[in-house]
Amino acid sequence: MTDMLTHLSGLAPFPDYDFSEFGETETVALSRIQKLTGAHLGRNWVAVPHVTHHDEVDVTQLEADRKAWNDARPEAKLTPVILLVRALAQTLAQFPTFNASLSSDGKSLVLKKYVNIGVAVDTPKGLVVPVLRDAATRPIADLAAELVQLADKAKAKGLSMADMAGGSMTVSSLGHIGGTAFTPLINVPEIAILGATAIQLRPYPDGDGAIKWCKMLPLSLSYDHRVINGADAARFVRAIGAALLAGDLVPA
């Protein structure tokens with residue numbers, strides 16, 4: 001990977017270090033997934049001009065709706081991630097430039113007529129991205145069940161290339177761990193990636209001047225600046241927020 005990055009960027013190579021000079025060390029081989037992921041993300045970071053737009057969305061009512069659904073249907077629970085997948089898929093259908101890939105020569109844009117969403121899954125061997133197909137139209141409970149199945153498969157025996165191919169855009173969520181914002185790296189040939197961190201409680205004045213507490217979801221959209229400009233990125237994230245606020249993501 002170091003040789004590839006040096007070739008792409010023209011930077012001097014990293015020197016070899018002998019860390020044992022300073023104390024006891026242990027060398028542990030990277031997993032195959034870690035090596036592949038590192039090589040691809042290293043290339044993507046060097047070759048693609050990343051910009052990250054941060055925003056947050058009030059999901060107070062959405063979280064209440066999700067809890068009510070889960071209480072009534074414990075066998076088919078919805079997570080914040082699957083609701084974000086649905087909102088992103090619906091928004092991509094309205095913003096065709098985001099549901100696209102840049103050609104290898106950089107001279108044209110391939111607009112996709114399908115909407116498939118990848119979801120980054122953390123496994124003991126490294127990060128993998130299974131893809132949920134037709135994510136804007138399939139029943140959301142089906143999408144939730146499939147994501148659980150794919151995540152379990154990824155952790156137990158690994159995913160096939162078919163499980164990870166054909167994504168329109170990827171969701172990377174750290175909400176189950178924490179954080180307030182980050183810069184996710186684009187999963188080329190996609191041209192953007194949506195990151196989410198832990199829901200935050202924020203105080204806001206209501207119409208009567210009193211303070212109410214809202215549940216705010218931080219979102220981080222990294223995008224390829226060769227294709228997407230800042231104003232369109234901001235509008236896109238706002239549209240995702242509108243989809244989350246619409247009140248129809250959780251079925252009645």
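Only heavy atoms go into these numbers, but all of them, side chains included; no hydrogens, no water, no symmetry mates.
- In this structure, the side chains of V119 and L132 come closer than 4.5 Å at one or more pairs of heavy atoms.
- Residues L30 and L36 fall into different hydrophobic clusters, defined by Ile, Leu, Val, Met, Phe, Trp and Tyr side chains chained together at heavy-atom separations under 4.5 Å.
- The same ILVMFWY cluster, assembled from side-chain heavy atoms under 4.5 Å apart, contains both L150 and V115.
- In this structure, V48 is not a member of the same hydrophobic cluster as L221, with clusters built from ILVMFWY side-chain heavy atoms closer than 4.5 Å.
- Taking the side chain as every heavy atom from C-beta outward, N44 and L185 never approach each other to under 4.5 Å.
- The side-chain hydrogen bond (donor to acceptor under 3.5 Å, both in side chains) check on E146 picks up R138, with sequence neighbours excluded.
- Looking at every heavy atom in both residues, Q90 comes nearest to A136 through N-CB, 4.2 Å.
- When the side chains of ILVMFWY residues are joined at heavy-atom separations under 4.5 Å, either directly or via intervening members, L62 and M216 end up in two distinct hydrophobic clusters.
- Remark: H50 engages W45 in a ring-ring contact (aromatic ring centres under 6.0 Å, His included) (not counting sequence neighbours).
- Between D71 and P74 the shortest heavy-atom distance is O-CD, 3.8 Å.
- Within the 4.5 Å cutoff, the side chain of I117 has heavy atoms near those of the L92 side chain.
- Looking at heavy atoms from C-beta onward, V237 lies out of side-chain contact with V57 at the 4.5 angstrom threshold.
- Residues T60 and K212 are not in side-chain contact: their nearest non-hydrogen atoms beyond the backbone lie 4.5 Å or more apart.
- By the side chain to side chain contact (heavy atoms under 4.5 Å, CB included) test, A151 is found to be paired with V121, residues two or more places apart in sequence or in another chain being considered.
- Among residue pairs with one or both ends in residues 235-247, those qualifying as side chain to side chain donor-acceptor pair (under 3.5 Å) are D55-R238, D232-R235; sequence neighbours excluded.
- Interatomic distance, CG of L88 versus CE of M169, reported as 5.5 Å (0.5 Å rounding).
- At most 12 non-hydrogen atoms from other residues, nucleotides or ligands lie less than 6.0 angstrom from NZ of K77.
- Considering only heavy atoms from C-beta on, L83 comes within 4.5 Å of I140 through its side chain.
- Listed by first then second residue, pairs satisfying ring-ring contact (aromatic ring centres under 6.0 Å, His included) with a partner in residues 192-250 read F95-F236, F98-F236, Y223-H225, not counting sequence neighbours.
- Not counting sequence neighbours, T197 has no partner by the side-chain hydrogen bond (donor to acceptor under 3.5 Å, both in side chains) test.
- Side chain of D122 to main chain of L127: no donor-acceptor pair is present (N/O by atom type, distance under 3.5 Å, no hydrogens or angles).
- A search for ring-ring contact (aromatic ring centres under 6.0 Å, His included) contacts involving F22 returns nothing, not counting sequence neighbours.
- Atom CD in E190 sits 9.5 Å away from atom CG in N116 (nearest 0.5 Å).
- The two residues A135 and V85 come nearest to each other via the heavy atoms CB-CG1, 4.1 Å.
- In this structure the side chain of H40 never reaches within 4.5 angstrom of the side chain of V188, judged on heavy atoms.
- Rounded to the nearest 0.5 Å, atoms OG (S172) and CD1 (I186) are 12.5 Å apart.
- Judged by distance alone, with hydrogens and angles left aside, the side-chain atoms of N99 form no donor-acceptor pair with the main-chain N or O of P96 at under 3.5 Å.
- Looking only at distances, a side-chain donor or acceptor of D224 sits under 3.5 Å from a matching main-chain atom of R226.
- Heavy-atom minimum distance, L78 versus A144: CD2-CB, 4.0 Å.
- Under the side-chain hydrogen bond (donor to acceptor under 3.5 Å, both in side chains) criterion, H54 pairs with S220, sequence neighbours left out.
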Tell me which donor-acceptor pairs under 3.5 Å the side chains of residues 243-252 have, and how far apart each pair is, sequence neighbours excluded?
none

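- With hydrophobic clusters built from ILVMFWY side chains whose heavy atoms lie under 4.5 angstrom apart, L147 does not share a cluster with V131.
- To the nearest 0.5 Å, the span separating OG1 on T170 from CG on L194 amounts to 10.0 Å.
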side-chain contact (heavy atoms from CB on, under 4.5 Å) assessment of D134 paired with L143: CA-CA 9 Å; D134 302 320; L143 290 173; over 6 Å; no
Cut-off 3.5 Å, no hydrogens considered: what does the side-chain donor-acceptor table look like for residues 11-18, sequence neighbours left out?
residue : atom : partner : partner atom : Å
D18     : OD1  : S20     : N            : 3.3
D18     : OD1  : S20     : OG           : 2.5

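- Closest non-hydrogen pair, S101 versus P189, comes out as OG-O, 2.7 Å.
- Rounded to the nearest 0.5 angstrom, S103 OG and L109 CG are separated by 8.0 Å.
- Between T79 and V148 the shortest side-chain heavy-atom distance does not fall below 4.5 Å.
- Taking OG of S168 as the reference point, atom NZ of K113 lies at 12.0 Å (rounded to 0.5 Å).
- Contact between L84 and A196 at its shortest, heavy atoms only, is CD2-CB, 3.7 Å.
- A 6.0 Å sphere centred on NZ of K112 holds more than 12 heavy atoms belonging to other residues, nucleotides or ligands.
- Partners of E63 under the side chain to side chain contact (heavy atoms under 4.5 Å, CB included) rule, at least two apart in sequence or in another chain, are V59, R66, P80, I199, K215.
- Checked against side-chain hydrogen bond (donor to acceptor under 3.5 Å, both in side chains), S222 has the following partners two or more places apart in sequence or in another chain: T52.
- The backbone N or O of F19 lies less than 3.5 Å from no partner atom in the side chain of T25, so there is not a single donor-acceptor pair.
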